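This report refers to the structure that appears directly beneath it.
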Amino acid sequence: MNKIVAKEHFSEKVVKFVVEAPLIARARKAGHFVIVRVGEKGERIPLTIASADVEAGTITLVVQAVGKSSAKLCALNPGDYITDVVGPLGKATHIEHFGTVVCCGGGVGCAPLLPIVAAMKAAGNRVITVLAARTKELIILEEQMREHSDEVIVMTDDGSYGQKGLVTQGVEAVINREKVDLCVTIGPAVMMKYVSLLTQKYNVPTVASLNTIMVDGTGMCGACRITVGGKTRFVCIDGPEFDAHQVDFDEMLMRLSSYKELE
Amino acid sequence: MNKEELTAQRAEAWREELRKSKKAKERTDIPRVKMTELDPDYRVTNREEVNRGLTAKQAVLEATRCLDCVDPLCMTGCPVGINIPKFIKNIERGDFLSAARTLKETSALPAVCGRVCPQERQCESKCFYLQKLKKEPIAIGYLERFAADYEQASGEVALPEMEPDNGIKVAVVGSGPCGLSFAGDMAKRGYRVTVFEALHEIGGVLKYGIPEFRLPNRIVDVEIESLRRMGVEFMTDCIVGKTLSYDDLHEMGFKGIMVASGAGLPRFMNIPGENLNGVMSSNEYLTRVNLMDAANPESDTPVYKGRRVAVVGGGNTAMDSVRTARRLGADRAMIVYRRSEEEMPARKEEIHHAKQEGVEFLTLHNPIEYIGDERGRVCQMKLQKMALGEPDASGRRSPVPIPGAIETVDVDEVIVSVGVSPNPLVPNAIEGLEVTPKGTIVVNADTLQSSIADIYAGGDIVRGGATVILAMGDGRRAAAAMHEALQQQPGV
Ligand SMILES: Cc1cc2nc3c(=O)[nH]c(=O)nc-3n(C[C@H](O)[C@H](O)[C@H](O)COP(=O)(O)OP(=O)(O)OC[C@H]3O[C@@H](n4cnc5c(N)ncnc54)[C@H](O)[C@@H]3O)c2cc1C
Ligand SMILES: Cc1cc2nc3c(=O)[nH]c(=O)nc-3n(C[C@H](O)[C@H](O)[C@H](O)COP(=O)(O)OP(=O)(O)OC[C@H]3O[C@@H](n4cnc5c(N)ncnc54)[C@H](O)[C@@H]3O)c2cc1C
Ligand code: SF4
Ligand code: SF4
Ligand code: FES
């Protein structure tokens with residue numbers, strides 16, 4: 001049982017929680033995630049640890065309500081308890097001074113992207129963040145990203161905000177403009193697939209953080225498995241970040257839809 | 001237990017009297033008891049326990065069969081050496097609570113082992129009846145379950161005698177049978193025990209793996225409750241190696257650490273199509289159903305309910321998966337196994353129950369490819385037919401493919417149950433901990449001490465996939481050895 005100590009709405013569907021979890025706060029590094037369960041009949045869902053306060057013994061989660069379990073969590077308030085929070089899980093992000101780093105996020109990917117943007121900036125990188133969504137209302141965390149980025153480029157499919165176009169067009173413009181040393185991408189699998197194809201063309205090393213379906217998060221079930229470089233890997237213990245150019249995104253796209261009919 | 005003690009106990013007046021009360025012939029003429037089972041047609045519609053247990057009358061009669069042998073061979077077949085004739089004779093004289101206490105002298109989880117031990121290969125395989133009389137052995141497992149259940153139901157679950165608190169803290173990693181039995185023994189000796197468990201439930205495979213229809217959760221919960229009453233603390237949602245490091249455990253003052261983290265890493269076969277939707281490990285399938293209660297409409301966790309389900313493998317895990325699939329509504333539930341039924345590692349009772357429940361057995365078949373539909377969901381599997389070849393070095397006849405004999409079977413769900421590897425989380429997190437190439441932790445065979453002095457290990461993390469009773473026995477032996485070591489350590 002972990003107590004929620006603070007809650008803030010970033011937008012209607014995006015909520016920031018500060019949660020008591022002293023052991024996790026102490027052990028976590030950027031890129032780690034937790035598995036959270038709300039209620040005795042609740043599902044176990046993975047969420048990236050956005051930041052942590054070791055002194056206060058808290059971690060921060062940024063959650064976007066996309067379905068039943070994330071909505072249930074977003075409905076909780078300060079003083080409420082989250083039934084289970086376990087972590088930190090996964091491998092930490094490899095953070096160093098690369099030079100210029102383009103971080104691109106779309107949809108559910110923006111929340112887990114935020115701590116990486118912050119850590120990359122803190123490591124002295126020039127950070128250019130590209131946020132993408134279908135339409136203006138769906139652009140989230142722009143303000144928070146600006147705090148940690150040298151530049152934020154917003155792309156919308158319908159042109160209702162920022163520039164009209166896809167995330168790939170935003171990234172390509174940057175690559176054509178200046179030398180990019182690393183690209184980090186988190187978002188819907190289709191988006192990551194096209195970002196990866198693009199950066200492959202320009203030979204820009206790219207890391208994708210994969211948000212597969214998970215159950216235990218400790219390597220026990222294999223629900224999170226994915227093919228990387230022709231080999232089966234478990235995202236929860238071998239990832240969540242992988243060399244995007246090696247990931248079989250078509251397979252991942254197919255696997256993400258596994259339980260669609262059932263939810 | 002040594003020979004003299006055994007003989008002395010056998011010579012107690014009540015045992016003598018009981019032995020003399022009936023002629024051997026009267027005893028051997030009694031047929032072996034039949035377990036009452038739910039009707040197969042009914043039980044595939046629910047999760048109720050299939051074996052209903054013995055009535056007191058049945059148990060006493062079955063106990064009467066036992067000859068209270070001078071040299072009880074049955075005991076040599078029990079990995080923890082339960083005093084089998086003593087507990088059985090207590091049942092015969094109607095003192096069921098004493099029978100339960102006899103079990104508890106050696107086994108921390110008799111209600112569990114009575115249900116899940118492969119008795120036909122252990123204690124019962126050595127029974128005098130089978131060995132010498134060529135008759136069906138005493139139903140030791142059923143009787144064990146009877147005594148343990150009786151004690152649980154009586155509400156008089158006796159806590160063992162506890163030594164006074166010695167103030168020494170020990171940590172347990174993992175709450176499966178190995179961790180639980182270790183915790184119980186150390187608590188009894190006066191230690192302050194904390195069990196760390198990665199999942200949100202206590203019990204390990206007993207909870208997330210073995211289904212309700214074979215081992216109801218409430219049976220395990222009673223044991224956990226007893227441990228709580230003995231002062232054992234449980235910390236769920238805590239992964240040693242992630243949430244807490246080895247150094248953290250030291251900082252927290254733990255003087256000894258028992259690693260009982262199990263063999264939780266599922267193996268796949270690396271054949272084409274294995275990552276299609278609808279193909280999953282038995283761990284995922286059983287975890288969804290047992291731990292997350294996914295078949296219950298009120299649960300938020302989904303599980304796919306296939307109509308034509310193939311389970312690949314021949315162990316207990318495979319039987320549990322295929323029988324679960326039947327219960328979730330599969331019209332066709334198949335076991336696909338590359339050897340013959342003879343070689344199947346599953347318990348005989350499970351195979352028998354599966355057959356009664358309409359499970360088809362495709363033995364001498366091996367999957368070589370899965371084929372998906374346009375949505376990426378598995379719809380067919382290609383099976384290579386096999387034949388048994390010449391005996392190999394181990395004396396087992398190994399299966400060889402019959403050239404060209406390939407069959408295609410329609411399926412909409414495949415559960416891969418071809419074994420597990422040790423969970424690498426703990427070994428990866430502790431520098432200097434020696435592991436075998438297979439990933440199991442190396443321990444001293446007697447003391448179960450690892451290459452690091454204050455770390456002991458047992459159960460599946462040491463043995464690969466084994467059994468509940470072996471895991472439990474390891475927990476007990478490690479507790480004895482750690483206790484010994486800590487007593488000699490100055491300053492603790
Ligand atoms: C390592 C990791 C870290 C994550 N970190 C965060 C985070 O910090 N904040 C956050 O809001 N979310 C994060 N996610 C995603 C989050 O776990 C899912 O959004 C959540 O599990 C959805 O559960 P649900 O029951 O609410 O939605 P569901 O009912 O399961 O799904 C609702 C809809 O969302 C889509 N969807 C579900 N899961 C995903 C996914 N993983 N990727 C893309 N689409 C999906 C479904 O296809 C469906 O259309 C992370 C995922 C992973 C694997
Ligand atoms: C489906 C199935 C059916 C079976 N049927 C039978 C049967 O009929 N009869 C029989 O005798 N045996 C059976 N077995 C085998 C038996 O269950 C195992 O041999 C036994 O459970 C091993 O016990 P253990 O304590 O070593 O590990 P486990 O029971 O695997 O428990 C290990 C626990 O440690 C936890 N853990 C792992 N890593 C960490 C960490 N780093 N920090 C904290 N916690 C951690 C895990 O979450 C788990 O709860 C079956 C197994 C399965 C999977
Ligand atoms: S613990 Fe298992 S092997 Fe030992 S007596 Fe009981 S059923 Fe037989
Ligand atoms: S060998 Fe069989 S008959 Fe003899 S004591 Fe054991 S259970 Fe009883
Ligand atoms: S989530 Fe179960 S193995 Fe990764």
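Letters A, B, ... are given to chains in the order of the sequence lines, protein chains preceding strands, and every chain is numbered from 1. All of these numbers come straight from a predicted model, not from anything done at the bench.
- A salt bridge links B/R288 to B/E284: one of the charged nitrogens lies within less than 4.0 Å of a carboxylate oxygen.
- In the displayed structure, A/K72 atom NZ is contacted under 6.0 Å by more than 12 heavy atoms of other residues, nucleotides or ligands.
- Both the backbone and the side chain of B/S299 come within less than 4.5 Å of a heavy atom in chain A.
- Salt bridge present: B/D293 and A/K41 bring a charged side-chain N and a carboxylate O closer than 4.0 Å.
- Interface residue B/L265: backbone and side-chain heavy atoms are both found under 4.5 Å from chain A.
- In this structure, CG in A/L198 is found 8.5 Å from OG1 in A/T206, a value given to the nearest 0.5 Å.
- Between chain A and the options B/L291, B/V416, B/D248, the largest number of non-hydrogen pairs under 4.5 Å is found for B/D248.
- Interface remark: B/L286 contributes no atoms to any contact with chain A (heavy atom separation under 4.5 Å).
- With hydrogens and angles ignored, the 3.5 Å screen pairs no side-chain donor or acceptor of B/E201 with any backbone N or O of B/Y208.
- Most heavy-atom pairs under 4.5 Å with chain A: of the set B/D237, B/L244, B/L199, B/L276, this distinction falls to B/D237.
- Contact of B/V279 with chain A is made through backbone and side chain together, with heavy-atom distances under 4.5 Å.
- Of the residues considered (A/G222, A/G87, A/A27, A/S69), A/G87 shows the highest number of contacts with chain B, using heavy-atom pairs under 4.5 Å.
- Neither the backbone nor the side chain of A/K231 comes within contact range of chain B, judged by heavy atoms closer than 4.5 Å.
- Ion pair B/R377/B/D412 not flagged as a salt bridge, since none of the NZ, NE, NH1 or NH2 atoms sits closer than 4.0 Å to an Asp/Glu carboxylate oxygen.
- If you measure heavy-atom distances from A/I45 to chain B, you find no contacts under 4.5 Å at all.
- Each of A/A21, A/G217, A/P88, A/G39 has some count of heavy-atom pairs under 4.5 Å with chain B, and the biggest count is that of A/P88.
- Checked by atom type and distance alone, the side chain of A/T48 never pairs as donor or acceptor with a backbone atom of A/A50 at under 3.5 Å.
- Here CZ of A/R37 is found 4.5 Å from CG of A/D84. Values are rounded to the nearest 0.5 Å.
- When heavy atoms are compared at a cutoff of 4.5 Å, B/L425 approaches chain A solely by way of its side chain, counted from C-beta outward.
- Without hydrogens or angle criteria, B/T301 side chain to B/A294 main chain gives no donor-acceptor distance under 3.5 Å.
- For B/H250 and B/Y246, the distance between ring centers is under 6.0 angstrom.
- No part of B/Y285 comes within reach of chain A, as not one of its non-hydrogen atoms sits under 4.5 angstrom from that chain.
- Interface residue A/V85: only backbone heavy atoms are found under 4.5 Å from chain B.
- Of the atoms belonging to A/R26, it is side-chain heavy atoms, and not backbone ones, that fall under 4.5 Å from chain B.
- With a threshold of 4.5 angstrom between heavy atoms, B/N296 approaches chain A through side-chain atoms but not through N, CA, C or O.
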